[in-house]
Amino acid sequence: MEKLIEEFRKGWQGVAPPSLGLSIGFAITCLLVATLARWGLAHVRPDVYFTPYFPAVFFAAAFGGFRIGIVTAIVGGVLGVVLNFSDAIADNARFALLALYWVVCALTIWGVEHYRTLLIEQRRISKRLIEEEEYRKLLVDELQHRLKNKLSTVHAVIHQVLHDQPQVWARIDPRLRSLATTDDLISRIDKGGCDIRDLLIAELGPYGHVRFTLNGDRLFLPPKLAVTLSLMFHELATNAGKYGAFSAPRGLLQVSWTVSEDRLTVTWDETEGPSVDKVSEPGFGTKLLKSALSAFDGRTEISYLKSGLHCIMQCRIPKGG
């Protein structure tokens, strides 16, 4: 019985149609059960000729496909006309009911096939998405591996060049190691998330720990939000190193965050950096900052003050990922 149920499930979903012999046997069984039900109903309503065969057509089509369904509908119609469980004879009214029965059967078979087609298409799309996701993960892992190798190569080359300048190397070495640590953290948070303080320290550490202060309680970020914020923090930190607080000798950065219910607010405040006289056209980084948190019902506000860049990020913290 379990095997028959499994075969029915596969046939219904279009995974693997059953054998022709099994489909015919199942259709015959459905017709026999329907005829037996009709015989039982004849004791109460002798004029019920075709109604019991509707379920037989449905299950036969769902199990064996539309061809088996069509044959079942035809045979059921013939049985409804030929077999009599009363003194009534086949007349015009019964043939009119036969035509109506076949119309309903056609709609039933079409509906079953349409549903099966949708399931097959949905399964095909799901398989393709899974394959694309696996390819994306493979590509990202390969890029991370190459980036790590390049950073190691850069580290080795600079060390070779500065081997006779230990003081300069002592200032560069920890920053390169911080960059490598940041890359490792980004690859890990995609799977398990991380604490927001650890994320900020990893992103800002290469610029020197005396250049920034962090204010906020410990807060664990689920993976998707952690990755999104890491991209935003990286963009802000890169801009701070090129044009903002980290590009000036006395520039400082303060990052604060608070949580109210399930809403997170992060404030990025730069001071003592170069004054921003003119803002250029929004590039990829600005567009990323503006749109990245939309998936978390959030928004980003950026202000260019005389004291430096001021950015407020607000979003919802998703539950369980």
Side-chain angles (χ1 to χ4, degrees), residues 1-134 295 297 318-321:
M1 186 64 183
E2 292 181 358
K3 183 178 180 181
L4 183 62
I5 294 175
E6 181 65 16
E7 290 285 345
F8 182 84
R9 184 190 67 81
K10 291 181 178 180
W12 169 251
Q13 296 181 352
V15 177
S19 63
L20 180 61
L22 184 59
S23 299
I24 294 175
F26 183 79
I28 292 174
T29 302
C30 291
L31 288 170
L32 290 175
V33 173
T35 302
L36 183 62
R38 182 187 164 203
W39 175 79
L41 288 173
H43 294 84
V44 182
R45 290 290 303 271
D47 56 344
V48 176
Y49 307 114
F50 306 105
T51 304
Y53 296 108
F54 286 123
V57 173
F58 172 82
F59 286 109
F63 183 76
F66 75 95
R67 293 183 178 86
I68 297 297
I70 292 173
V71 173
T72 305
I74 294 174
V75 174
V78 172
L79 292 175
V81 174
V82 175
L83 291 181
N84 289 313
F85 297 110
S86 65
D87 297 333
I89 61 174
D91 54 6
N92 292 334
R94 190 182 301 193
F95 285 108
L97 291 175
L98 173 63
L100 182 60
Y101 159 78
W102 276 337
V103 170
V104 176
C105 285
L107 293 174
T108 301
I109 295 171
W110 176 84
V112 170
E113 280 302 303
H114 182 66
Y115 176 78
R116 184 183 284 114
T117 302
L118 291 178
L119 285 180
I120 294 174
E121 180 65 15
Q122 184 181 32
R123 189 164 54 253
R124 186 189 66 81
I125 294 174
S126 298
K127 182 180 179 181
R128 181 178 177 182
L129 290 176
I130 292 174
E131 291 175 350
E132 290 289 340
E133 180 66 14
E134 291 176 350
D297 189 25
K319 297 181 179 179

Asker: Which donor-acceptor pairs under 3.5 Å do the side chains of residues 94-108 make with protein atoms, sequence neighbours left out?
Answerer:
residue	atom	partner	partner atom	Å
R94	NH1	G80	O	3.3
R94	NH1	V81	O	3.0
R94	NH1	N84	OD1	2.7
R94	NH2	N84	OD1	2.9
Y101	OH	A73	O	3.2
W102	NE1	A73	O	3.1
T108	OG1	V104	O	2.9

Asker: Counting neighbours of CG on D91 that are heavy atoms of other residues, nucleotides or ligands and sit closer than 6.0 Å, is the number greater than 12?
Answerer: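 Counting neighbours around CG of D91, more than 12 heavy atoms of other residues, nucleotides or ligands fall under 6.0 Å, so yes.
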Asker: Residues two or more places apart in sequence or in another chain: which of them pass salt bridge (charged side-chain N to carboxylate O under 4.0 Å, His left out) with R124?
Answerer: E121
Asker: Considering residues at least two apart in sequence or located in another chain, which fulfil the side chain to side chain contact (heavy atoms under 4.5 Å, CB included) criterion with T35?
Answerer: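 Listed in chain order: Y53, L79, L83, F85.
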Asker: Of all the heavy-atom pairs spanning A34 and A56, show the shortest one and how long it is.
Answerer: CB-CB, 4.0 Å
Asker: If you round to the nearest 0.5 Å, how far is CG of L41 from NE2 of H43?
Answerer: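 If I round to the nearest 0.5 Å, the distance is 10.5 Å.
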Asker: Apply side chain to side chain contact (heavy atoms under 4.5 Å, CB included) to E134 and list each qualifying residue two or more places apart in sequence or on a separate chain.
Answerer: I130
Asker: Could you name each residue pair satisfying salt bridge (Lys or Arg N to Asp or Glu O under 4.0 Å) that touches residues 25-45, not counting sequence neighbours?
Answerer: R45-D47
Asker: Taking all heavy atoms of F50 and all of G77, pick out the closest pair and write down the distance.
Answerer: CE2-O, 3.5 Å
Asker: Listed by chain and number, what are the side chain to side chain contact (heavy atoms under 4.5 Å, CB included) partners of L32, not counting sequence neighbours?
Answerer: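 Here the qualifying residues are I28.
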Asker: Going by the side chain to side chain donor-acceptor pair (under 3.5 Å) test, which pairs reach into residues 72-82, not counting sequence neighbours?
Answerer: none
Asker: Can you name the closest pair of heavy atoms from I68 and A27 and give their distance?
Answerer: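 So the minimum-distance heavy-atom pair works out to CG2-CB, 3.8 Å.
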Asker: Restricting to non-hydrogen atoms, name the atom on P55 and the atom on T51 that form the minimum distance, rounded to 0.1 Å.
Answerer: CD-O, 3.6 Å
Asker: Tell me, which pairs form a salt bridge (Lys or Arg N to Asp or Glu O under 4.0 Å) where one or both residues lie in residues 100-113, sequence neighbours left out?
Answerer: E113-R116
Asker: Excluding sequence neighbours, so at least two apart, what forms side chain to side chain contact (heavy atoms under 4.5 Å, CB included) with H114?
Answerer: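 Expected list: W110, L118.
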Asker: Looking at every heavy atom in both G69 and V57, which two are closest together, and how far apart are they?
Answerer: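 The answer is O-CG1, 3.9 Å.
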Asker: Holding to salt bridge (charged side-chain N to carboxylate O under 4.0 Å, His left out), I want the full list of residues that pass it with E133, two or more places apart in sequence or in another chain.
Answerer: R136
